[in-house]
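Order of the sequence lines fixes the chain letters, A, B, ..., with proteins taken first and strands second; residue numbering starts at 1 for each chain.
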Protein chains: 2
Amino acid sequence: MTPHFVVATRPVNKPAFTRTDAEERRRLLIAAATRVLARDGASGASVRAIAQEAKVSPGLVTHHFGGIDALIAATYADVSAAVTAALDAAVAGAGDDPRARLSAYVAASFAPPIADRALLATWVAFWGLVIARDDVARLHDEQYAHFRGGIEGLLADCGVPPAACRRSAIAITALVDGLWLELCLSPEVFDAAEARAIAEAQIAALLDHQAQGERGEVQRD
Amino acid sequence: MTPHFVVATRPVNKPAFTRTDAEERRRLLIAAATRVLARDGASGASVRAIAQEAKVSPGLVTHHFGGIDALIAATYADVSAAVTAALDAAVAGAGDDPRARLSAYVAASFAPPIADRALLATWVAFWGLVIARDDVARLHDEQYAHFRGGIEGLLADCGVPPAACRRSAIAITALVDGLWLELCLSPEVFDAAEARAIAEAQIAALLDHQAQGERGEVQRD
DNA sequence: TTGCTTGTTGCACGATCGTATAGCAAGCAA
DNA sequence: TTGCTTGCTATACGATCGTGCAACAAGCAA
């Protein structure tokens, strides 16, 4: 017996969906992709999962981004910008003392929202794309150059001679990245405070060593 | 018109496949998984791709490992062991001077087969699993503890006081890992020789700084 | 109220995923 | 040669993947 009426699946006066400005919708999809990437990792970030997280139809991803790859790349750019903003804000709020600004940068690297297992999942997914795709590799190179440039500036303000800035910045970037990675992967080995102390000790050693080198007391390498 | 005979797809006297000892076959599958992981990354490491690389039927993966996850975990253990062996061999071949042994460790970290884009792809895939799965996370913790323990021993031989060994080892591990990661991700920014020089300069600064601290000249942190 | 623009839905398509299983056959033992 | 053990193949299954497309409808303009 077929019913002669259709059961309403929603209140008749409530819209089935809300139209949104294209750019705003893109932002919402990027935000959803960020959450899914953080929660389920790279393998879980499918078109359907992201669309469900954003409470929209899967077709919208193709419509606004042309494909899942472009959405992931846009998410990479967005997360990178958020990390940069968090680090810049920490440095800007540290006052005028160059050494304090450098310490603020390091401290922010090991504090939320940067030192976060969810952010690590996002970053690992991106590294996978950096290896596999040239366009994402270019995004990474730009971001890394930007990070290193920021450290170089902070080091120059601390009195590091220009000739040593580049290698010192690479060293500190690598140190912070390595500590950040292990802090997120195995939080029980050391905590954020110890990561910060380790980084500070290394930076102090680096600056002292360079100052001695300038005075001619020690000359290695 | 159906032919009255069947076309032979292979010489009648040649075996269609060769039987192999179970343990040996497991090794061959792990080797194939390593190659696929390095070539195509985590997303390309499917059962079918690995089986094709090993020139066997896909069913063999399930038969010998019970599932793709166990094969990937076994591959992780195998690659970790290979890295450990390469580092140990470099240290063992460096003679008796403690400082030279530490330098050999660092140099090996930035040379083949360790500093290799293919190995990075494998490692990134593993990190994704470390985040998603507890059993792989335990594998990682064991490996990291092993690496750090090795550095701690080398540092102790270099005269670093026991109380400082732990944090110094974490610092050097993070520094080398960070340099290794960026060296593999963006080989055009700096090369292996510069990575080695940067790491050596940091280690020199660390050891000098600690020696000064012991003599009471400087006391920070 | 009417019409138009376009953001959005919902479904279908082929490809590929991991896994289970029935049966074949390689190679050793007798 | 015969028989047996078991490594191995081949196939099928359901689930899920990314994408394309036609129709729908929300919301503004007139």
Side-chain angles (χ1 to χ4, degrees), chain A residues 6 8-30 32-33 36-37 39-75 125 128-129 132-133, chain B residues 6 8-30 32-33 36-37 40-75 125 128-129 132-133 136:
Chain A
V6 176
T9 58
R10 61 184 169 87
V12 287
N13 289 331
K14 188 177 180 182
F17 60 91
T18 56
R19 298 171 77 92
T20 308
D21 176 68
E23 192 175 350
E24 170 67 12
R25 181 65 76 192
R26 284 171 57 96
R27 274 195 292 270
L28 292 173
L29 282 171
I30 288 174
V36 171
L37 225 35
R39 192 205 316 131
D40 304 322
S43 62
S46 67
V47 169
R48 285 169 178 81
I50 294 171
Q52 187 177 13
E53 175 71 26
K55 296 187 174 64
V56 297
S57 162
L60 256 198
V61 171
T62 305
H63 182 258
H64 282 295
F65 288 91
I68 181 66
D69 288 346
L71 172 55
I72 299 296
T75 305
L129 292 180
R133 291 177 40 191
Chain B
V6 176
T9 56
R10 59 185 170 87
V12 288
N13 288 333
K14 186 178 181 182
F17 59 93
T18 55
R19 300 172 75 92
T20 308
D21 176 67
E23 192 175 351
E24 170 66 12
R25 181 65 77 188
R26 286 172 55 96
R27 274 195 293 270
L28 292 174
L29 283 170
I30 288 174
V36 171
L37 225 35
D40 303 323
S43 62
S46 66
V47 169
R48 285 169 178 82
I50 295 171
Q52 187 176 14
E53 175 71 27
K55 295 186 175 63
V56 296
S57 160
L60 255 199
V61 171
T62 305
H63 183 255
H64 283 294
F65 288 92
I68 181 68
D69 288 347
L71 171 55
I72 299 296
T75 305
L129 292 180
R133 290 177 41 188
V136 182

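Proximity of A:Ile30 to A:Arg27: side-chain heavy atoms (C-beta onward) are nowhere separated by under 4.5 Å.
Checked for salt-bridge contact, A:Arg26 and A:Glu23 miss the test: no charged N lies under 4.0 Å from a carboxylate O.
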Please list each protein N or O that sits under 3.5 Å from an N or O in nucleotides 15-18 of chain C, with the distance.
{"from": "C:dC17", "atom 1": "OP1", "to": "B:Ser46", "atom 2": "OG", "distance (Å)": "3.1"}
{"from": "C:dG18", "atom 1": "OP2", "to": "B:Val47", "atom 2": "N", "distance (Å)": "2.9"}
{"from": "C:dG18", "atom 1": "N7", "to": "B:Arg48", "atom 2": "NH1", "distance (Å)": "2.7"}
{"from": "C:dG18", "atom 1": "O6", "to": "B:Arg48", "atom 2": "NH2", "distance (Å)": "2.7"}

Restricting both atoms to N or O, compile the protein contacts to nucleotides 7-10 of chain D shorter than 3.5 Å, with distance only.
{"from": "D:dG7", "atom 1": "O4'", "to": "B:Arg19", "atom 2": "NH2", "distance (Å)": "3.2"}
{"from": "D:dG7", "atom 1": "O3'", "to": "B:Thr20", "atom 2": "N", "distance (Å)": "3.4"}
{"from": "D:dG7", "atom 1": "O3'", "to": "B:Thr20", "atom 2": "O", "distance (Å)": "3.4"}
{"from": "D:dG7", "atom 1": "N3", "to": "B:Arg19", "atom 2": "NH1", "distance (Å)": "3.4"}
{"from": "D:dC8", "atom 1": "OP1", "to": "B:Thr18", "atom 2": "O", "distance (Å)": "3.4"}
{"from": "D:dC8", "atom 1": "OP1", "to": "B:Thr20", "atom 2": "N", "distance (Å)": "3.0"}
{"from": "D:dC8", "atom 1": "OP1", "to": "B:Thr20", "atom 2": "OG1", "distance (Å)": "3.4"}
{"from": "D:dC8", "atom 1": "OP1", "to": "B:Arg25", "atom 2": "NE", "distance (Å)": "2.8"}
{"from": "D:dC8", "atom 1": "OP1", "to": "B:Arg25", "atom 2": "NH2", "distance (Å)": "2.5"}
{"from": "D:dC8", "atom 1": "OP2", "to": "B:Arg25", "atom 2": "NE", "distance (Å)": "3.3"}
{"from": "D:dC8", "atom 1": "OP2", "to": "B:His64", "atom 2": "NE2", "distance (Å)": "3.0"}
{"from": "D:dT9", "atom 1": "OP2", "to": "B:Ser57", "atom 2": "N", "distance (Å)": "2.8"}
{"from": "D:dA10", "atom 1": "N7", "to": "B:Ser57", "atom 2": "OG", "distance (Å)": "3.3"}

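For the pair B:Leu60 and B:Leu29, the tightest heavy-atom approach, listed with the atom from each and the gap, is O-CD1, 4.2 Å. Nearest heavy atoms, B:Phe65 versus B:Ala70: O-CB, 3.3 Å. Nearest heavy atom pair, residue A:Thr18 against residue A:Arg25, reads O-NH2, 3.0 Å.
Atom CG of A:Leu71 is separated from atom P of D:dC17 by 14 Å (rounded to the nearest Å). Protein atom CD of B:Glu24 is 17 Å distant from nucleotide atom C1' of C:dG27, rounded to whole Å. Between the CZ atom of B:Arg26 and the P atom of D:dT6 there is a distance of 17 Å, given to the nearest Å. One can place CD of A:Glu23 at 16 Å from P of C:dT6, the figure rounded to the nearest angstrom.
Shown here, C:dA30 forms a base pair with D:dT1; the pair counts as Watson-Crick or G-U wobble because both key distances fall under 3.5 Å.
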Report all side-chain donor-acceptor pairs from residues 49-59 of chain A shorter than 3.5 Å, counting only partners two or more places apart or in another chain.
{"from": "A:Glu53", "atom 1": "OE1", "to": "A:Arg39", "atom 2": "NH2", "distance (Å)": "2.4"}
{"from": "A:Glu53", "atom 1": "OE2", "to": "A:Arg35", "atom 2": "NE", "distance (Å)": "2.5"}
{"from": "A:Glu53", "atom 1": "OE2", "to": "A:Arg35", "atom 2": "NH2", "distance (Å)": "3.3"}
{"from": "A:Ser57", "atom 1": "OG", "to": "A:Gly59", "atom 2": "N", "distance (Å)": "3.3"}

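Atom-to-atom distance recorded for B:Ile68:CD1 and B:Leu71:CG is 5.0 Å, nearest 0.5 angstrom. Going from atom CG of B:Leu28 over to atom CG of B:Asp21 covers 10.0 Å, rounded to the nearest 0.5 Å.
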